[in-house]
Amino acid sequence: MNNITIFMSDMHLCADTPDLNALFFRKLDEWAGKIDALYLLGDIFDVWVGDDDDDPVLIEITQKIKAFAAKTPLFIMRGNRDFLIGKKFAANTGAKILDDDPCLINCYGTPFIVSHGDIFCTDDVEYQQFRRKSRSWLWQFLARLKPLAKRRQVATQIRHISQTKKSQAVQYEIADVTEKGLNDAQNRFSGSLKNPADIIHGHTHRPAIHTHSLNNQPYRRFVLPDWYDDKGGCLIVWSDGEIEHATL
Ligand code: MN
């Protein structure tokens, strides 16, 4: 029988997305115990300001994730909206957190580089500086010391800034991946790979299958869709090597 592993990202779940939350819960129920593994590659939550958040919708989502992880291997990578997912969340859910982004995984004997995708957008220099800073131990330690209400307030401000940026055409251009970003990732793993690995990532909200090459060796880049309105999507990797996007 053909087995499958599923990859998703950018669901941006929150209290304002009841339809998407319900869709996510239905899919978890459907897949639990039936698929080989589920990878959630970041921006699962529209915002995650810390594992102590008591928002009832976030708690409900966390509980559904926990129920799923009890039956099926679940791997979670942080995105640019939920990079404060921490050890407590991992312990609460039983999900395996992929701390490194990008990260090299093995799926049915084939290596893949998986990433949220924001690290590949190297033209956005200002964002990459913030990203480096905000992933440091010290920044996160200080952020977690701030009261929950304050962290929510800052998150809302950051969201407004990024939405204003996205509405500017020039900023939109620099918010896509670059060859440099992709090459950096391939080179990071070149010691353990004979050829460049296929890449799976989200973040850019431009689902597609691209072909690239490094040193004349081709590889594919699978971009995951974001979820919006009442529609979701994912990438399915079959144990026989087939890979396809699916609408949920
Ligand atoms: Mn993102």
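As the structure lists them, so they are numbered: ligands from 1, and atoms in each ligand from 1.
- Take the N/O/S atoms of His116: the one nearest the Mn ion (ligand 1) is NE2.
- Salt bridge status for Arg78 with Asp101: absent, with no side-chain N to carboxylate O gap under 4.0 Å.
- Looking only at its N/O/S atoms, Asp43 has OD2 as the one nearest to the Mn ion (ligand 1).
- Sorted by first and then second residue, the salt bridge (charged side-chain N to carboxylate O under 4.0 Å, His left out) pairs with a member in residues 238-248 form an empty list; sequence neighbours excluded.
- When side chains are defined from C-beta on, Trp48 does not count as touching Asp55, because their heavy atoms never get closer than 4.5 Å.
- Within His203, the N, O or S atom lying nearest to the Mn ion (ligand 1) carries the name ND1.
- With Pro111 as the partner, the side-chain contact (heavy atoms from CB on, under 4.5 Å) test is satisfied by one option alone out of Asn106, Ile105, Leu193: Leu193.
- Backbone or side-chain N, O or S atoms of Ser9 do not reach the Mn ion (ligand 1) at under 2.8 Å.
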